[in-house]
Protein chains: 2
Amino acid sequence: MKNNLIKYCQSLLDFSESEISIIKDYFITTTIGKKDYLLQENKVCDFVAFIEEGSIRHFHIKDGNEITCDISLENNFITEFKSFNNGSKSYISFQTLEDTKVQIIKKNKLLELYKLYPKYEILGRKIAEKVAMRNTAIALSLASSKPETRYKELLNKNPEIFQRVPQKYIANFLGIKPESLSRIRKRILFN
Amino acid sequence: MKNNLIKYCQSLLDFSESEISIIKDYFITTTIGKKDYLLQENKVCDFVAFIEEGSIRHFHIKDGNEITCDISLENNFITEFKSFNNGSKSYISFQTLEDTKVQIIKKNKLLELYKLYPKYEILGRKIAEKVAMRNTAIALSLASSKPETRYKELLNKNPEIFQRVPQKYIANFLGIKPESLSRIRKRILFN
DNA sequence: TAAATTTCTTAACTAAAGTCAACGTTTTTA
DNA sequence: TAAAAACGTTGACTTTAGTTAAGAAATTTA
């Protein structure tokens, strides 16, 4: 059985066979149907998830509108740290965009893992660092370029996303309306 | 002597007196003059810094333009994780906006600390999580609101920043041009 | 597979941001 | 403290995004 989680962890740290099997024991694999929720806003995020296959949209509802602040494909960890750490209500929802297979570890199990084997604490740190890096890059992109450039960069860096994710969510992630994304695409065609 | 770093660490984890003095030993306090650099783009970021007093602007140069992707005041940790972890060139510069006092730990000392006392590994994880949370919030804000709303929210959440940071950097951080920020401010006055 | 729903595109119009240039104000520095 | 530099505001104009509405295309569902 394919296990991207293990590969990913091994890319972060050297683990022995027995350490690997501990990870396997602690994570639970689940499949979530398309458009179902891994986390609903205002519920507590008591887990960390790794996407084995599929895609998940991170969004927040503001003035009745959904704001997509990230779109994660396979081989990414996701959690809402604030809620996870403080036990507060999450201000973000995680919704699948396709049938999605995730490996999940619940907070209590993760804390147990941290306590039992300090090495997993290192793993936890590295995962948090990865999430931080990704969010830094997203913020930079949004602060810097104009929408057209952001579109081109995303297309360049992650063309697959356009095959798999409805444009309206991509538009939202780029910080614009779907109509504007349409226009940008058209504009580029004729350049 | 005031030591915000210690207070901050204690807010994240319980440390004994001796554990605290280890932190004090490992961090070095430096003062950086206004507009000087803590890190220059394309150099390796081999440290984690904590701002005791002052403010630091995070920016990236793109097509010859500086893009301010964050503005950190006192009581924040800053580092560029990608460069720090991989030893690659940083794509971000850290420049002070005022005379700024930072406490710095170099990578080799931090790794030593992690190895010697696993508890600091937990601290490292929590710091990374904090950075991730902050960047998530920034990305969400940029993806969501229109500039005027972002301005109001920043003003509401962090009014001090407007007393201490030149508007052109704030404008840039809000993803707009200084002229636009001027106009937004004017527009709000007459509403 | 036909109907219903959702998504994408287009158009016309409005609102807002970008650009360029000028000028007054503030801050820096010599 | 006088001169220079940097910063903020304003105005005129251009470009681009938002809004609304309609219809085409694709996808979902019965």
Side-chain angles (χ1 to χ4, degrees), chain A residues 32-36 54-55 57 59 62-68 71 95-100 141-155 159 161-191, chain B residues 32-36 54-55 57 59 62-68 71 95-100 141-155 159 161-191:
Chain A
I32 310 170
K34 182 170 179 172
K35 293 197 181 172
D36 282 347
S55 47
R57 176 170 85 92
F59 71 93
K62 181 162 187 169
D63 308 325
N65 302 310
E66 296 181 352
I67 314 299
T68 300
I71 295 170
Q95 184 191 28
T96 64
L97 295 163
E98 308 164 289
D99 290 348
T100 296
S141 163
L142 285 165
S144 70
S145 333
K146 50 185 189 184
E148 183 171 324
T149 314
R150 291 205 287 281
Y151 166 73
K152 284 179 184 165
E153 284 170 355
L154 185 62
L155 187 61
I161 211 174
F162 291 90
Q163 311 305 316
R164 294 169 56 185
V165 176
Q167 273 186 35
K168 60 173 187 167
Y169 298 133
I170 296 178
N172 202 190
F173 179 45
L174 293 171
I176 54 176
K177 301 282 161 187
E179 296 89 336
S180 295
L181 180 53
S182 262
R183 263 181 307 214
I184 288 171
R185 287 160 65 85
K186 197 179 174 186
R187 205 153 64 209
I188 289 171
L189 269 181
F190 294 103
N191 281 354
Chain B
I32 309 171
K34 182 171 178 171
K35 294 197 181 171
D36 281 346
S55 47
R57 173 170 88 92
F59 71 93
K62 182 164 188 167
D63 307 325
N65 301 311
E66 296 181 353
I67 313 297
T68 300
I71 295 170
Q95 185 191 28
T96 64
L97 295 164
E98 309 164 289
D99 289 348
T100 296
S141 163
L142 285 165
S144 69
S145 332
K146 51 184 188 185
E148 183 172 325
T149 314
R150 292 205 286 281
Y151 166 73
K152 284 180 184 164
E153 284 170 355
L154 185 63
L155 188 60
I161 211 173
F162 291 90
Q163 311 306 317
R164 293 170 55 187
V165 176
Q167 272 185 34
K168 61 172 186 166
Y169 298 134
I170 296 178
N172 203 191
F173 179 44
L174 293 171
I176 55 177
K177 300 284 160 185
E179 296 91 334
S180 296
L181 180 53
S182 261
R183 268 184 246 129
I184 287 171
R185 286 161 64 86
K186 197 179 174 187
R187 204 154 64 210
I188 289 171
L189 271 181
F190 294 103
N191 279 354

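So that the names make sense, note that chain A is the first sequence line, chain B the second, and so on, each numbered from 1.
For the helix from dT1(C)-dA30(D) to dA30(C)-dT1(D), the terminal axes (five pairs an end, C1' atoms, rotation from four pairs onto the next four) enclose an angle of 60°, given to 10 degrees.
Atom CD of E66(A) and atom C1' of dT6(C) are 14 Å apart (whole Å). Whole-Å rounding puts the Q167(A) CD to dT10(C) P distance at 11 Å. Distance K168(B) NZ to dT9(D) P: 14 Å, rounded to the nearest Å. One interatomic measurement links the two molecules: NZ of K186(A) to C1' of dA25(D), which rounds to 15 Å at whole-angstrom precision. Per the geometry, CZ belonging to R185(A) stands 10 Å off C1' belonging to dT9(C), to the nearest Å. Put simply, CZ on F162(B) is 11 Å from P on dT9(D), counting in whole angstrom units. Atom-to-atom, CG of L97(A) to C1' of dT6(C) comes out at 14 Å; the value is rounded to the nearest Å.
E98(B) pairs with exactly one of K34(B), K35(B), R164(B) by the side chain to side chain donor-acceptor pair (under 3.5 Å) rule, that one being R164(B).
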Check your understanding: Is there a salt bridge (Lys or Arg N to Asp or Glu O under 4.0 Å) between K168(B) and E66(B) once you walk through the steps?
Key -> CA-CA 11 Å; K168(B) 61 172 186 166; E66(B) 296 181 353; over 6 Å; no

Review point. Passes side chain to side chain donor-acceptor pair (under 3.5 Å), R150(A) versus S141(A)? Steps please.
Key: CA-CA 7 Å; R150(A) 291 205 287 281; S141(A) 163; 4.9 Å; no

**Study point:** E148(B) vs K152(B), salt bridge (Lys or Arg N to Asp or Glu O under 4.0 Å): CA-CA, chis, key distance, verdict
**Key:** CA-CA 6 Å; E148(B) 183 172 325; K152(B) 284 180 184 164; 3.4 Å; yes

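Outside the 6.0 Å centre-distance limit, the rings of F173(B) and F59(B) are not counted as a close aromatic pair.
Proximity of I184(A) to I176(A): side-chain heavy atoms (C-beta onward) are separated by under 4.5 Å at one or more points. In this structure, the side chains of R185(A) and L181(A) come closer than 4.5 Å at one or more pairs of heavy atoms.
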Review point. Just by protein heavy atoms under 4.0 Å, how would nucleotides 14-30 of chain C read 5' to 3' in B, S and -?
Key: ---BBBB-------S--

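Shown here for G54(B) and T100(B), the closest heavy-atom pair between the two residues is CA-OG1, 3.6 Å.
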